[in-house]
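Take a look at the structure below.
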Amino acid sequence: MNGQSAVPAKPVPAITPLNEPFWCAAAEGKLCLQRCLDCGHVRFPLGPVCTECLSERTEWAEMSGRGRVLCHLVFHQVYHPAWRADVPYSVIQVQLDEGPRLFSNVDDPTHADIGTDLVGRRVEAVFETVADGIGLHRFRVVD
């Protein structure tokens with residue numbers, strides 16, 4: 001290969017019975033999280049019981065995909081060769097309007113937001129299908 005090594009594919013999430021609905025919904029362009037059927041609490045990370053009332057009764061509910069950035073950092077280091085072309089890239093924690101907090105990347109193909117303080121900014125989820133039946137969410141700044 002002319003002295004160059006091939007760029008490895010980006011890893012995809014490990015699908016389990018617990019998280020499969022989350023990844024499949026993302027492949028359909030939806031952000032779905034678990035909601036307790038007894039107390040109504042929306043939770044993330046995913047789990048077998050409600051973190052508020054310990055009920056095992058749950059449903060998958062579609063979220064708005066909108067929220068506010070709580071923290072923002074920029075990765076300049078290549079931690080995995082599959083992401084070499086993406087560096088630098090932003091990682092944010094988003095407080096969804098429905099309550100839960102998620103970490104994700106910023107959908108910023110031109111790197112316009114790399115040098116911007118995104119804390120407090122409004123964002124919305126966008127989706128990319130990365131494998132058959134598996135989607136990933138990112139967030140795009142909307143204000």
Side-chain angles (χ1 to χ4, degrees), residues 4-143:
Q4 295 180 348
S5 59
V7 175
K10 291 179 181 174
V12 296
I15 305 301
T16 68
L18 179 63
N19 68 26
E20 184 176 22
F22 177 82
W23 300 116
C24 290
E28 296 175 4
K30 300 175 187 174
L31 181 60
C32 291
L33 298 179
Q34 293 175 312
R35 179 171 41 217
C36 178
L37 289 170
D38 289 325
C39 74
H41 177 67
V42 177
R43 65 182 183 265
F44 191 86
L46 309 174
V49 298
C50 176
T51 55
E52 293 292 312
C53 73
L54 302 180
S55 171
E56 295 178 4
R57 294 177 2 100
T58 190
E59 67 179 350
W60 287 91
E62 185 174 355
M63 304 290 110
S64 68
R66 292 183 158 83
R68 188 168 304 280
V69 176
L70 294 178
C71 61
H72 171 218
L73 63 106
V74 178
F75 281 78
H76 295 276
Q77 177 68 38
V78 177
Y79 291 101
H80 188 288
W83 277 274
R84 182 173 307 283
D86 297 334
V87 171
Y89 59 91
S90 292
V91 175
I92 56 176
Q93 183 182 42
V94 174
Q95 174 93 49
L96 294 176
D97 290 348
E98 293 85 0
R101 297 176 178 180
L102 303 174
F103 283 100
S104 188
N105 293 106
V106 176
D107 181 48
D108 182 23
T110 65
H111 297 310
D113 292 323
I114 289 291
T116 304
D117 181 9
L118 299 180
V119 174
R121 302 282 300 273
R122 295 286 300 163
V123 292
E124 69 181 3
V126 295
F127 300 89
E128 174 188 3
T129 300
V130 295
D132 188 32
I134 301 174
L136 294 178
H137 67 278
R138 291 186 180 85
F139 286 93
R140 173 178 50 217
V141 177
V142 293
D143 69 354

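The shortest side-chain heavy-atom distance between Tyr89 and Val106 does not fall under the 4.5 Å cut-off. Counting only heavy atoms from C-beta outward, the side chains of Trp23 and Val130 never approach each other to under 4.5 Å. Here the side chains of Phe75 and Asn105 are not in contact, with every heavy-atom distance at 4.5 Å or above. Looking at Leu31 and Leu96, their side chains come closer than 4.5 Å, going by heavy atoms from C-beta outward. Between Val94 and Phe103, the closest side-chain pair of non-hydrogen atoms is not below 4.5 Å. Taking the side chain as every heavy atom from C-beta outward, Pro13 and Leu136 approach each other to under 4.5 Å.
Shown here for Pro88 and Val74, the closest heavy-atom pair between the two residues is CB-CG1, 3.8 Å. The nearest pair of heavy atoms linking Cys53 to Cys39 is SG-SG, 3.8 Å. The minimum heavy-atom distance linking His111 with Asp86 is given by the pair CE1-O, 3.7 Å. Across Cys32 and Trp60, no two heavy atoms sit closer than the pair O-CZ3, 3.6 Å. Taking every heavy atom of both residues into account, Phe44 and Pro100 meet most closely at CB-CB, 4.0 Å. The two residues Arg138 and Ser104 make their nearest non-hydrogen contact at CA-OG, 3.4 Å.
Judged by distance alone, the side chain of Thr58 and the main-chain N or O of Arg35 form a donor-acceptor pair under 3.5 Å. Judged purely by atom type and a 3.5 angstrom limit, His72 uses its side chain to pair as donor or acceptor with the backbone of Thr116. Between the side chain of Ser55 and the backbone N or O of Cys36, no donor-acceptor pair lies under 3.5 Å. The closest donor-acceptor contact from the side chain of Arg68 to the backbone of Gly120 lies under 3.5 Å.
Residue Asp143 places its CG atom among more than 12 non-hydrogen atoms of other residues, nucleotides or ligands, all under 6.0 Å distant. Within 6.0 Å of CD on Glu56 lie no more than 12 heavy atoms contributed by other residues, nucleotides or ligands.
Partners of Asp117 by salt bridge (Lys or Arg N to Asp or Glu O under 4.0 Å), not counting sequence neighbours: none found.
Pairs engaging residues 94-113 under the salt bridge (charged side-chain N to carboxylate O under 4.0 Å, His left out) rule: Asp97-Arg122 [sequence neighbours left out].
Note: Ile134 CD1 to Ile15 CD1 = 4.0 Å, rounded to the nearest 0.5 Å. Here the CZ-CG distance, from Arg57 to Asp38, works out to 4.5 Å after rounding to the nearest 0.5 Å. Between the CG atom in Leu46 and the CG atom in Leu33 there is a gap of 7.0 Å [rounded to 0.5 Å].
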| Full working for side chain to side chain contact (heavy atoms under 4.5 Å, CB included) between Arg121 and Phe139 | CA-CA 11 Å; Arg121 302 282 300 273; Phe139 286 93; over 6 Å; no
| said: With side-chain hydrogen bond (donor to acceptor under 3.5 Å, both in side chains) as the criterion, how do Gln34 and Arg43 come out once you've worked through the C-alpha distance, each side chain's angles and the decisive distance to 0.1 Å? | reply: CA-CA 6 Å; Gln34 293 175 312; Arg43 65 182 183 265; 3.2 Å; yes
